[in-house]
Engineer: 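One structure coming up, written as C-alpha cells, with questions to follow.
A, B, ... follow the sequence lines: proteins, then strands. Residue 1 opens every chain.
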Amino acid sequence: MPVQLLKIIEGQSETPLPSHLQKEDLKHLQEGCDHTNKYIQGIVTLSYPLTKLKDGTDFFKIVVQDSDDLCPQINSINVFIYGKMAEDCAKIIRHGETFIVAGFKVIKLPTEREDARHDCHLEVSEEAGSTIYIYTKPGATAALETVSVSVAPKYVYTPLNHLKDGTVVNLYGVVKFFKPPYISKGTDYCSIVTLVDPSNVKLTCSLFSGNLDSLPKIYKVGDIVRFHRIKIREYNGQMQGITSGGFASLTFDGTVGAPVVPRTSSRVYTFMDEEQKAVEELRVWAASNISISGPATKLSGVQPMLFFDLTCQLVGKAKVDGSSFLLKVWDGTECPYPTWKVPVEAKDLEGEKGLLHQLRNLAVDILVYDNHVQLAESLKIGSFLRIYSIHAKEASADNEDVSHMEFHLHGGTCYGRGIGVLPESNPDVKELKEFLDSVTLTDSQNMESVCSMDIDSTFGNVTDLELHLQRCQQLSVTVLTDHQDLSNTELKTITSSTAPQQYRIRAKLRTYKPQKLHQSVKLHCSKCNSLHEVPDRDDFDFILHGSARTAPNPELHNTSWYESVTWTTQEQKQREIVIHFVKHDEMLQHPEDTLIMIEGGTLKEIWKLTKRFKCVIPVRSTEDDLELLDLSAPFLLKGNVKYYGCKQCSTPKPVKNLNSIAAEQQPSWEPTEIAQVLGIELLQYVFIMKFTLVDETGSLNAYLFDYEKFFQIPASEILTSNFLQQKMQMTMNALCPPGRKLGDLPWLECFIKSYNVRDTVKNQVYYQIFDTTVAEDVV
DNA sequence: TTAGGATTGG
C-alpha cells in the first residue's frame with residue numbers, strides 16, 4: 001500500500017521521486033489503463049477556491065500544464081483533489097509551481113473538449129493512495145516551505161506470517177475451511193474460519209457473536225475475507241484469531257473475475273480501490289494455490305457413503321423428536337437411488353402441501369440432529385440453503401427388497417457440518433432458482449407422465465432443460481488440468497474487463513495461426529523471455545564449416561577425463577576429425593552412456609554420432625582448452641533434439657567443467673545440467689500459436705504458449721518426427737475441423753489469463769491459454 | 001464464556 005504523503009521539496013534534487021515511478025505523457029493518458037507506476041508532472045496554471053462537496057468532503061481543483069510536452073492538441077489537464085489532500089494543497093499550491101502526482105485515477109467525461117485540455121481528469125485523494133509532490137520555487141515564503149504533512153494509511157493489513165501473540169490486527173485471507181455459524185454452548189453464535197494467504201501460513205479463527213449477522217457470510221471454501229480488529233493469540237504453539245471488540249468483516253466471492261461486492265452487515269465500511277485490488281490479487285493467487293473441491297454435488301450425483309454439500313431449496317420441515325428434525329429439500333435434479341421417507345405426522349409437517357405432492361419424487365428428506373435442530377427449526381420454507389457435509393448412507397429395511405438412500409446431518413460440527421442460509425442474491429442461488437423455475441414449468445405441463453414413471457428408471461424423467469443442459473455440456477475437445485471449480489466466463493465479459501485476470505471459458509476455435517504447424521515451434525529463453533526462430537540446418541552447417549578451419553590442438557588430447565581419437569578423412573581435401581570420449585571413473589563407458597565432444601565433423605557425421613552416443617557436443621580447439629562453437633549452433637545434441645543456448649544470457653564456461661558431471665556416480669548427462677556447468681542459458685522449444693476463440697457473446701485471440709502440456713507432444717521433438725507432426729495436425733483438425741460451420745465446431749474448455757502489454761503509445765490486453773490440455777480421446 | 005477444524009448414530 002503506497003504511503004500517502006504530501007511534501008514540499010526545495011528543488012528537484014533534494015528528494016528524488018521513487019525509482020519505480022515513470023513519467024506519463026498527457027497524450028498517453030487513458031481511462032481504464034493501469035497507471036500504478038506512473039506520475040504526471042506539470043506546471044500549475046490555474047487553481048480554484050477550496051470548496052466543500054455536498055457530503056462535506058473538501059474539494060480543490062487545479063489545472064496542470066505539461067511543460068515538457070507542449071503538444072498543441074492536449075497540453076493540460078484538470079486535477080480534482082479530494083479530502084484532506086485538497087485542504088493541504090489549497091494552502092500551499094501556487095501558480096507556476098511544478099506539481100507531480102502519482103496514484104491518481106483517470107476519469108473520462110462524456111463531453112468532448114474543444115480546448116487543448118485533456119478529455120479526462122485526474123482524481124486524487126488520500127483514500128485512493130495518491131502521492132503529491134510540489135516543487136516550490138526557491139525564495140517562496142518560509143511559512144509555506146515548512147508545511148509537511150504525512151498521513152498514515154487508514155488500515156494496515158498484516159500478512160498471516162507476521163502475526164504476533166497478543167496483538168489486534170487487520171488482515172485479508174482466503175477461506176480454506178469454515179464452519180458456518182452455529183449456536184455455541186455459551187451465549188453466542190460461533191463460526192470457525194481457517195484462512196490462508198500468499199505467505200502460505202494458515203490461521204484458524206474462532207469467531208463469536210450474539211448477532212448472527214455480524215459473523216462473516218462465508219458460503220464456500222475459496223471465499224475471501226477481510227477482518228478488522230481481530231485479536232491474535234497463541235494456542236497450542238500456533239497463532240489463533242479470536243473476535244475482539246470492534247471486530248468487523250467483509251466477505252467476497254473468491255471467483256476470479258466475479259464482481260468485487262462485499263458481503264457485510266455493517267452499514268458503514270471502508271472499501272476503496274485498494275481493497276478491490278487486494279481482493280483481486282488474492283483471487284488470482286487462490287486460483288492456483290488453493291484446492292477447491294470440484295463442481296457442487298447435485299442430488300442426481302449423490303453416491304452412497306458420501307459426504308457432500310448441497311445447495312437446495314427448503315420445501316418442507318417437521319419436528320421428529322427431541323434430538324432430530326426433518327428438512328425436505330430439492331435442487332431440481334432427481335436422486336438416482338430410491339430415497340428414504342422419514343415418517344412424520346401430517347400435522348407436524350410444515351410446507352405447501354400441493355408443492356410437496358408435486359415434488360414428491362424430487363424432494364428428499366434430510367434428518368438433522370442435535371445441535372442443528374434449533375437452527376433447522378428457525379428456517380423459513382422457501383429459503384435457499386447450503387447444507388454442509390450431509391451424509392448419504394445406503395440402508396435397507398427388513399421389509400424392503402432394495403436398499404434406499406438416507407440423508408443425515410449428524411450432530412456436531414466436524415468438517416464444517418452445518419446449515420447456512422443463502423441470500424437470493426447469491427450467484428449459486430440465482431442459478432438454482434432459474435433451474436427450479438424451468439423444472440416447475442416442465443412439470444406442470446406433463447406432471448402426470450413424470451409422476452407415473454417408475455422411480456427406478458433412474459434418468460427416466462429428465463426434464464427438457466436437463467437435456468438441453470446435457471447438450472450444452474457435450475464433451476469438450478480440451479480438458480482443464482486444474483481449477484475445475486471456476487465457473488465459465490463469457491468472452492464478452494472478459495474483453496470488457498481489465499487485466500490481469502484468469503478465466504475459465506467455453507468457446508469454439510474459429511481459426512488459428514500459423515496454419516503451417518512447424519512454424520509454431522520457437523525457442524524461448526525463460527531468463528530474458530526472448531523468442532527465437534529455430535536455426536535451420538544451413539546455419540549449423542555454416543558454423544561447422546567455419547570451425548573446421550581451426551586445426552585441432554593435439555595438446556588438448558587425452559586428458560584425465562576424456563580420451564581422444566583422431567581420424568583423417570579420405571576425401572580429396574583431407575579433414576581431421578577428433579572425437580573426445582568423456583570417461584567415467586577413468587574408464588570408457590558404453591557408447592549409449594557416453595558423452596562425446598567432436599571437432600571438425602560435418603552435419604551428417606554429427607547426426608550419425610548422435611544415434612550411437614548419448615550426447616554430442618561440437619567443440620573447437622583454442623590454445624589452452626576446448627570451447628563451444630558459436631551459440632547459433634546447437635551446443636548439445638541428444639537423441640533427436642538439438643539444444644541451443646541464449647546468446648544474450650549465456651556466459652560460456654570452460655568445457656572442462658563437464659568433468660564435474662562425469663565424476664558423478666551415474667552421470668545422467670541431462671541437458672539442463674550440462675547447460676548449467678557450461679554457463680549456457682538453455683533455450684526451450686515451445687509451441688506459439690494464436691487461437692481465435694468465439695462464443696455466443698464475442699471473440700478474442702488467445703495465445704497458446706506450450707512446451708508440451710497442451711498437445712502432449714514435446715515441442716522439442718516435433719521438428720524431427722513425422723509421426724508427431726501428423727499427430728499434431730490431427731489434433732488441430734479435431735479442435736478446428738476444416739470446412740465446418742461455426743455451429744458445428746466442437747467446444748473447447750480452456751483457462752485463459754489476461755495480461756497487459758504496454759508499448760510507447762498504448763496499453764494492450766493479451767490473453768494466454770494455460771492449464772488446458774487436449775482431451776485424451778481426441779486423437 | 002463459547003471453540004480450539006479433522007465425519008460415519010439416530
Engineer: Under the 3.5 Å rule, do the base of B:dT7 and the side chain of A:His410 count as making a donor-acceptor pair?
Structural biologist: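 Result: no qualifying N/O pair found.
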Engineer: When you compare B:dG4 with B:dT8, how far apart are their P atoms, in angstrom units rounded to a whole number?
Structural biologist: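 It comes out at 15 Å once rounded to the nearest Å.
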Engineer: Give a yes or no on whether a salt bridge exists between A:Asp309 and A:Lys220, defined as a side-chain N under 4.0 angstrom from a carboxylate O.
Structural biologist: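 Salt bridge flag = no for A:Lys220 with A:Asp309.
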Engineer: Indicate, with a heavy-atom threshold strictly under 4.0 Å, whether A:Ser389 touches base, sugar-phosphate, or nothing.
Structural biologist: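 The answer is base, as A:Ser389 lies within the cut-off (heavy atoms under 4.0 Å) of a base atom.
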Engineer: Just call it for A:Asp370: base, sugar-phosphate, or nothing, with non-hydrogen atoms closer than 4.0 Å on any strand.
Structural biologist: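 If one applies the 4.0 Å heavy-atom cut-off, A:Asp370 turns out to touch a base.
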Engineer: Classify A:Ile183 by what it touches in the nucleic acid, base, sugar-phosphate, or nothing, heavy-atom distance under 4.0 Å.
Structural biologist: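 Nothing, no nucleic acid heavy atom in range.
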Engineer: Scan A:Gly412 against the nucleic acid and name what it touches under 4.0 Å (heavy atoms): base, sugar-phosphate only, or nothing.
Structural biologist: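 It contacts nothing in the nucleic acid.
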Engineer: With stacking defined as ring centroids separated by under 5.5 Å and planes differing by under 30°, is A:Tyr415 stacked against B:dG5?
Structural biologist: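 By the stated criterion, A:Tyr415 and B:dG5 do not stack.
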Engineer: Does B:dT1 have A:Phe208 stacked on its base, where the ring centres are within less than 5.5 Å and the planes differ by under 30°?
Structural biologist: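 Here A:Phe208 fails the 5.5 Å or the 30° condition.
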Engineer: Any salt bridge between A:Lys319 and A:Glu377, counting N to O under 4.0 Å?
Structural biologist: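 A salt bridge is absent here (no side-chain N lies under 4.0 Å from a carboxylate O).
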Engineer: If you take atom types as modelled and just measure distance, does the side chain of A:Thr194 reach the base of B:dG5 with a donor-acceptor pair under 3.5 Å?
Structural biologist: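 Yes.
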Engineer: Which listed nucleotide (B:dG4, B:dT2, B:dT8) is nearest to the side chain of A:Phe307?
Structural biologist: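 The nucleotide sitting nearest to the side chain is B:dT8.
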Engineer: Would you jot down, in residue-number order, the residues of residues 159-169 of chain A having a non-hydrogen atom under 4.0 Å from DNA chain B?
Structural biologist: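 Correct list: empty, so none.
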Engineer: Does A:Lys393 make a side-chain N or O approach to OP1 or OP2 of B:dG9 shorter than 4.0 Å?
Structural biologist: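 For B:dG9, neither OP1 nor OP2 has a side-chain N or O of A:Lys393 closer than 4.0 Å.
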Engineer: Are there more than 12 heavy atoms of other residues, nucleotides or ligands under 6.0 Å from atom CD of A:Gln374?
Structural biologist: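 Counting other residues, nucleotides and ligands, CD of A:Gln374 stays at 12 neighbours or fewer.
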Engineer: Return the nearest nucleotide to the side chain of A:Cys414; candidates are B:dA3, B:dG10, B:dA6.
Structural biologist: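 Among B:dA3, B:dG10, B:dA6, the one nearest the side chain of A:Cys414 is B:dA6.
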Engineer: Count the heavy atoms of every other residue, nucleotide or ligand shown that sit under 6.0 Å from CD of A:Gln240, and state whether that count exceeds 12.
Structural biologist: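 Count over threshold, so yes.
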